[in-house]
Amino acid sequence: MKAIECLKYGGVENLVLSNVKKPIPKDSEVLIKTCATSVTTSDVLIRRMNEPLIPRFILQLIFGFGRPRNPVLGMVTAGIVQSKGKDVTLFEIGDEVFAYGSISPTKLRFGSYAEYICLPEDWNLALKPVNLSFEEAAAIPYGGLLATHLLKKTSINKGDNVLIYGASGSIGTMVIQLAKHLGAHVTSVCSGRNFELVTSLGSDKVIDYTIENAEKQLERYKYVIDAVGNSKSSILKEKSKKVLALNGKYISIDHGTPLTPKEAFFNLKRLAEQEKLRPVIDRVYSLEKMAEAHKYVEMGHKRGNVVITI
C-alpha cells in the first residue's frame, strides 16, 4: 500500500511516499481503508523534533530516537471498514467510520498517513456522522478532543465571559463552538482576516491581536483559554492573564497531558450529527502532497484544519 514515511526527524524533505506492507487486523481489530486524514500541529511537532533538550528526550522516549518508531505518522482516520477480526462485533465490512488513534496517554497508534490502518474496535472509533463527508469527519477528532480537554478544566455557567486565544485554529474553532454550547459569552482572539470565520462559529466579540493597543479591548473573564500554547504570544496574550475575574482561571493547551476518553469522542460525534458542531477545513491536499501540507501547517496560520485525501 502507499504510505508517507518519516525517515528521520527534521524537515519536510524527510516525508517520503513509500510502498509498505498492508496491515492485517488482529482478532479485535478492523482494517480501515483510509479516505481522509489530517495534518495536525502535533504531527509537525513530532516530525520536527526540535523541542528543548529535556522535552525532546521525553518525546523520543515515547516516539523513538533518531526517527519515529512507527515511520508512518498520523492519528486521524476517516474511511471504510474493509475487513475485521473474528471477535469484532461493533462494525461490519463497508461501514463508514472515523477515528482517533488514542484513548489514553499510553495507548497511542499512528499510521493514518497510509491507504490502510488497523484499529481496535473499542478505541475512539465510531460510525461516521452521515451528514459529514470523509474530509469533514477527519477535521473533528484532533481539535475536538483537545478542545474538550481544555473545557473539562472549566465549570462554565450560562453567560460566563470566556476569552479564547488562538480562536481560528483547529483547537480554537472547536473551543468556540463547545463553549457556546455550554452557554458562554465568547470573545475570540485572532487576526482580523479570521473575524468572519469565528463569528460564524458563535463568537460574540472579536479582538485582533495584531493591532496596536489591542489589549485595551480586554474585559474581565471567568476563563481565559489559550488554544495555541507557547508556540505563539503577544502583548495581548500576556495582558489577558491579568484580566481574570474573581476566581477566574487561565487554561493553556500546554498545561498537563491531554486526555482523549471515549465519552469525549462520542460526544463530538453526537454534536456533529445534531449540527451543533461544524468542522472547519482550510486546505485539502493529496497524500502525495504531504510535505507541502506539513510546510503549510508549520507556518502557523491555518484556519481550522488541513486535510489529506487518500
Side-chain angles (χ1 to χ4, degrees), residues 1-23 31-52 55-79 98-102 108-119 134-143 145-146 169-171 228-229 231-232 258 260 279-310:
M1 69 173 183
K2 290 181 182 179
I4 297 293
E5 292 189 291
C6 183
L7 301 182
K8 63 180 181 179
Y9 298 124
V12 297
E13 67 275 6
N14 296 318
L15 296 170
V16 176
L17 183 65
S18 305
N19 283 309
V20 302
K21 188 175 180 181
K22 183 178 175 181
L31 174 69
I32 302 167
K33 182 183 186 303
T34 309
C35 296
T37 183
S38 68
V39 176
T40 71
T41 302
S42 295
D43 293 345
V44 171
L45 182 149
I46 294 166
R47 187 259 302 160
R48 290 191 310 186
M49 199 58 72
N50 63 349
E51 298 297 298
R56 184 167 72 245
F57 178 77
I58 294 171
L59 284 171
Q60 292 196 70
L61 276 176
I62 299 169
F63 299 112
F65 287 91
R67 58 173 284 176
R69 196 171 291 113
N70 178 359
V72 182
L73 301 179
M75 296 182 70
V76 176
T77 303
F98 76 126
Y100 190 66
S102 166
L108 306 170
R109 184 170 300 188
F110 292 87
S112 66
Y113 286 9
E115 291 184 297
Y116 296 92
I117 185 172
C118 288
L119 290 172
F134 287 111
E135 291 80 10
E136 289 170 327
I140 288 180
Y142 177 78
L145 286 168
L146 293 184
S170 56
I171 302 171
V228 292
S231 64
K232 292 183 181 180
T260 55
V280 176
I281 298 174
D282 185 344
R283 295 187 181 183
V284 179
Y285 294 85
S286 66
L287 184 68
E288 291 76 11
K289 298 289 186 180
M290 181 66 77
E292 189 176 330
H294 263 248
K295 190 178 295 185
Y296 180 64
V297 173
E298 195 167 358
M299 290 169 62
H301 298 295
K302 66 181 176 66
R303 296 152 52 98
N305 300 268
V306 169
V307 171
I308 304 293
T309 56
I310 301 175

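Just so it is clear, the structure is predicted and the values come from calculations on it, not from any experiment.
Around the NZ atom of K232, the shell of radius 6.0 Å holds more than 12 heavy atoms that belong to other residues, nucleotides or ligands.
A heavy-atom distance below 4.5 Å is found between the side chains of F98 and P141. A 4.5 Å side-chain heavy-atom check between I32 and L119 finds at least one atom pair inside the cut-off. Here the side chains of T309 and V284 are in contact, with some heavy-atom distance below 4.5 Å. By the 4.5 Å heavy-atom criterion applied to side chains, K33 and I310 are not counted as neighbours. With contacts defined as side-chain heavy-atom distances shorter than 4.5 Å, the pair L31/P23 qualifies. Between L17 and L287 there is a side-chain heavy-atom pair separated by less than 4.5 Å. Looking at heavy atoms from C-beta onward, Y285 lies in side-chain contact with Y296 at the 4.5 angstrom threshold. Residues I140 and E136 fail the side-chain proximity criterion, which asks for heavy atoms closer than 4.5 Å.
For the atom pair M49 CE and F65 CZ, the distance stands at 9.0 Å (nearest 0.5 Å).
Between G111 and A114, the shortest heavy-atom distance links the atoms O-CB, 3.6 Å. Closest of all the heavy-atom pairs between V20 and A3 is CG2-CB, 3.7 Å. The minimum heavy-atom distance between S170 and K302, with the atom names listed, is OG-NZ, 3.2 Å. Closest of all the heavy-atom pairs between M290 and I308 is CE-CG1, 3.9 Å. The two residues I281 and A139 make their nearest non-hydrogen contact at CG1-CB, 3.9 Å.
A donor-acceptor contact shorter than 3.5 Å links the side chain of S112 to the backbone of V76. Although no hydrogens or angles enter the test, the distance criterion places no donor-acceptor pair under 3.5 Å between the side chain of N305 and the main chain of V307.
Taking the six-membered ring where the residue is Trp, Y113 and H294 present perpendicular rings, their angle passing 60° and hence far from 30°.
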With side chain to side chain contact (heavy atoms under 4.5 Å, CB included) as the test, would you mind laying out the steps for M1 and N19 before giving the verdict?
CA-CA 5 Å; M1 69 173 183; N19 283 309; over 6 Å; no

Let me see the working for S42 and Y142 under side chain to side chain donor-acceptor pair (under 3.5 Å), right down to the final yes or no.
CA-CA 9 Å; S42 295; Y142 177 78; 2.8 Å; yes

Working note: M75 + S38, criterion side chain to side chain contact (heavy atoms under 4.5 Å, CB included); need CA distance, chi angles, decisive distance, verdict.
CA-CA 8 Å; M75 296 182 70; S38 68; over 6 Å; no

Test side chain to side chain contact (heavy atoms under 4.5 Å, CB included) on V16 and I4; report intermediate values, then the result.
CA-CA 5 Å; V16 176; I4 297 293; over 6 Å; no

Please lay out, stage by stage, how R303 and R283 fare under the test side chain to side chain contact (heavy atoms under 4.5 Å, CB included).
CA-CA 9 Å; R303 296 152 52 98; R283 295 187 181 183; over 6 Å; no

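Within the cation-pi definition used here (under 6.0 Å to the ring centroid, within 45° of the axis), R47 does not qualify as a partner of Y9.
When only modelled atom types and interatomic distance are considered, E5 and S18 share a side-chain donor-acceptor pair under 3.5 Å. A donor atom on one side chain and an acceptor atom on the other are found under 3.5 Å apart for S102 and T260.
A side-chain contact (heavy atoms from CB on, under 4.5 Å) with L146 is found for one member of T41, I171, T40 and no other, namely I171.
Between E115 and K22 there is no salt bridge, since none of the side-chain N atoms of the basic residue sits less than 4.0 Å from a carboxylate O of the acidic one.
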